[in-house]
Protein chains: 2
Amino acid sequence: MRQVTIYDIAKEAEVSISTVSRVINDTAPVKGSTRAKIEELIQKYNFQPNAMARGLLKNETGIIGVIVPDLTNPFFPEVLAGVEHEAMQSGHTFLLSNTIGDYAKESEYLSIMREKRVDGIIFMGGRINLKHCEEHLAQELVQFANVIPTVLVNGGLRGTDLIRVAADESAGTALAVQHLIELGHTGIGFIGGEVHMTTTSIKLRAFRKAMKDGGLKVREEWMLPDSFSIDSGKRQMHHLLAMKERPTAVFCVNDYTAIGAIKAATEAGLSIPDDMSVVGFDDIPLAHHFIPELTTVSQQANELGKTAVNVLKAMMNKEKVKKLTTLEPQLIVRQSARSPRK
Amino acid sequence: MRQVTIYDIAKEAEVSISTVSRVINDTAPVKGSTRAKIEELIQKYNFQPNAMARGLLKNETGIIGVIVPDLTNPFFPEVLAGVEHEAMQSGHTFLLSNTIGDYAKESEYLSIMREKRVDGIIFMGGRINLKHCEEHLAQELVQFANVIPTVLVNGGLRGTDLIRVAADESAGTALAVQHLIELGHTGIGFIGGEVHMTTTSIKLRAFRKAMKDGGLKVREEWMLPDSFSIDSGKRQMHHLLAMKERPTAVFCVNDYTAIGAIKAATEAGLSIPDDMSVVGFDDIPLAHHFIPELTTVSQQANELGKTAVNVLKAMMNKEKVKKLTTLEPQLIVRQSARSPRK
DNA sequence: CTGAAAGCGCTAACAA
DNA sequence: TTGTTAGCGCTTTCAG
């Protein structure tokens with residue numbers, strides 16, 4: 001089914017294609033009667049100009065590429081919602097790619113996005129979360145960013161000056177740990193995350209600092225990174241429960257691991273928060289509805305998405321933008337943490 | 001930053017652009033030495049052909065449009081993951097739109113997708129879930145589908161013969177209710193959903209039928225539709241708890257309402273499933289990790305996404321496809337439902 | 001094996 | 001106010 005083109009409209013209206021183009025884009029005055037006739041025809045055939053043809057000429061697509069590591073982790077849809085809201089304002093749509101942390105897939109998508117000539121991309125997860133990113137992966141992204149406006153969300157590439165938007169995870173961690181300390185906890189554990197990823201090492205460092213600032217000692221055997229899944233939270237809580245001495249509270253790198261930890265503790269007969277306090281990170285929508293409701297740290301995922309788009313738009317307009325835009329996390333106090341039993 | 005074109009390559013290689021095109025697409029034999037030179041240049045400049053130019057010519061974009069109602073409901077990311085997996089196989093990418101159930105937004109996105117000349121779309125939620133869809137909304141979609149291959153997921157438009165892929169929600173509901181009946185429940189309530197939406201009316205009807213088949217009477221005051229949110233689940237459970245006579249089990253239209261219902265009951269001092277059984281629908285990832293773990297019905301969201309793409313691809317290849325492809329739901333027995341107390 | 005040329009659908013000078 | 005024309009970057013005959 002061939003779609004109708006500007007030629008079809010022009011022919012039937014007995015004008016040139018330029019005139020049709022003019023009424024479509026309202027780019028120059030057109031006589032009322034011809035305009036009316038053309039508009040009627042556009043209506044009649046439900047004509048939509050071909051974005052590829054236009055894009056080819058104007059060298060833009062109206063498409064923003066978004067690369068996320070894991071759509072099934074509710075944090076990302078939340079960011080996406082923010083991205084979409086903001087993108088829509090300016091008539092941008094977005095091309096989505098789920099990389100499941102596979103670097104090859106990231107490369108592939110990067111390549112596709114270049115072919116498609118997206119107007120800009122927002123990159124999350126994968127290589128930009130690595131403490132030590134392989135040189136060729138880093139270079140690939142740098143080269144990409146040389147050609148297409150790029151913003152990295154919650155990550156970065158050391159030694160490069162790619163534009164970044166990030167929540168201050170260090171401050172967020174401090175908030176959580178301080179809360180636990182104020183509640184009276186003295187033995188606090190750390191669960192989840194992967195040590196080779198910056199999002200974890202940042203939290204690890206902030207955790208140690210907050211403990212020290214609070215006059216507390218960190219017990220190395222209670223430092224239990226693993227991964228970001230619910231199961232890893234469970235696993236490490238089991239681990240903890242098997243010890244003769246346990247912390248009275250744990251900080252988890254995200255809400256998933258916190259949920260896992262609570263699950264494992266509950267199954268083992270503990271009551272959260274009476275027998276142990278747990279705080280999470282991210283404030284996913286379910287945190288509010290879990291039993292018990294999760295005390296956690298909000299990264300303002302939605303805001304993060306909006307901000308990323310706005311920075312990206314500024315770049316697309318060739319405006320000057322800050323290398324790093326930081327969002328302040330907030331502590332969300334709910335039910336999963338309270339003062340320890342005497 | 002102008003990107004390099006096929007002309008740049010041709011010039012430097014001292015050949016015509018046709019030859020370059022040939023090596024890119026491997027569409028005709030090219031002398032080894034020239035091919036080598038060209039490939040080297042492509043490498044050197046990191047040349048990527050402009051997809052718009054190619055698309056304009058071949059009249060295809062390699063893009064699949066996906067319209068979803070609510071990204072923050074975990075059911076949809078799950079479907080998307082399936083969509084993506086399958087789309088990738090054939091080199092397709094996807095444009096995503098979140099409509100938050102806003103019909104105007106649906107229209108807008110439909111229009112954008114036509115402009116962008118996507119190769120096909122997958123439509124979920126919104127108008128195709130309405131029991132009575134306004135004529136102009138229906139017509140808009142029908143016209144769209146006339147021009148661009150379209151598959152509707154878990155919905156439809158009565159009176160039209162648009163291609164559909166859907167989980168058998170009726171069978172799924174029966175599975176859940178039968179399970180409850182086998183467990184020994186005789187008083188069963190129904191929570192959540194909106195009566196003007198087919199996904200709800202289908203479940204409502206199947207619920208009534210299953211009750212009847214099981215020799216049970218449905219109590220109208222226990223039929224409590226509302227919406228699909230966690231809060232609506234809470235609200236209706238409160239409602240139920242305030243009655244002098246209550247059911248011993250409730251069927252919820254989705255896992256969100258089930259979670260809400262459990263939450264409200266727990267807060268009111270009941271213990272689930274000891275004091276009341278609850279079954280959900282969808283089997284979102286968290287169903288497995290909630291406390292208690294949710295007994296629910298899986299719609300095979302991931303499979304739904306894959307199937308939709310495969311049907312769509314068949315349509316794009318002008319193959320004949322079935323009007324309706326059905327997926328069988330499965331009962332997932334976990335902890336939130338058990339036999340009632342004597 | 002390779003080049004010339006037409007054309008995909010549209011916009012934007014430049015004339016008229 | 002309108003038409004003519006030259007591309008945007010690429011693929012694909014059709015001739016060599």
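The structure displayed is predicted, hence computed values, not measured ones. Each chain gets a letter, A, B and so on, in the order the sequences are listed, and its residues count up from 1.
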A.B. asks: Determine, for A:E140 against A:R127, whether the closest basic-nitrogen to carboxylate-oxygen distance falls under 4.0 angstrom.
C.D. replies: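 Looking at A:R127 together with A:E140, the answer is yes, because their closest N to O distance falls below 4.0 Å.
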A.B. asks: If we count only N and O atoms by modelled type, under 3.5 Å, do the side chains of A:Q3 and B:N59 hold a donor and an acceptor together?
C.D. replies: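 B:N59 and A:Q3 do not have a side-chain donor-acceptor pair below 3.5 Å.
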A.B. asks: Compile the donor-acceptor pairs under 3.5 Å between side chains in residues 30-43 of chain B and protein atoms, sequence neighbours left out, one pair per line.
C.D. replies:
unit_1, atom_1, unit_2, atom_2, d
B:T34, OG1, B:K31, O, 2.8
B:R35, NH2, B:D26, OD1, 3.1
B:K37, NZ, B:A13, O, 3.4

A.B. asks: May I have the distance from A:E14 (atom CD) to D:dT1 (atom C1'), rounded to whole angstrom?
C.D. replies: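 So the two atoms are 17 Å apart, to the nearest Å.
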A.B. asks: So, A:T61 versus A:K116: side-chain donor-acceptor pair below 3.5 Å or not?
C.D. replies: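 Judged by distance alone, the side chains do not pair up.
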A.B. asks: Strictly under 4.0 angstrom, non-hydrogen atoms only: write out the protein contact profile of nucleotides 8-16 of chain D, one letter per nucleotide from the 5' end, B, S or -.
C.D. replies: BBBBBB---
A.B. asks: Atom NZ of A:K11 and atom P of C:dC10: how far apart are they, to the nearest Å?
C.D. replies: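 Answer to the nearest Å: 14 Å.
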A.B. asks: Nearest whole Å is fine: how far is C:dC10 P from A:E60 CD?
C.D. replies: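 Value for this atom pair: 16 Å.
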A.B. asks: Nearest-Å distance, NZ (A:K37) to P (D:dT1)?
C.D. replies: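 From A:K37 NZ to D:dT1 P: 16 Å.
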A.B. asks: Rounded off to whole Å, could you give me the CD1-to-C1' distance for the B:I38 and C:dG3 pair?
C.D. replies: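 About 12 Å, once rounded to whole Å.
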A.B. asks: Check the surroundings of atom CD in B:E14: do more than 12 heavy atoms from other residues, nucleotides or ligands lie under 6.0 Å from it?
C.D. replies: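 At most 12 heavy atoms, drawn from other residues, nucleotides or ligands, come within 6.0 Å of this atom.
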A.B. asks: Using atom types as modelled, flag every donor-acceptor pair under 3.5 Å from a side chain in residues 50-58 of chain A to any protein atom, sequence neighbours excluded.
C.D. replies:
unit_1, atom_1, unit_2, atom_2, d
A:N50, OD1, A:M52, N, 2.7
A:N50, OD1, A:A53, N, 3.3
A:R54, NH2, A:N25, OD1, 2.9

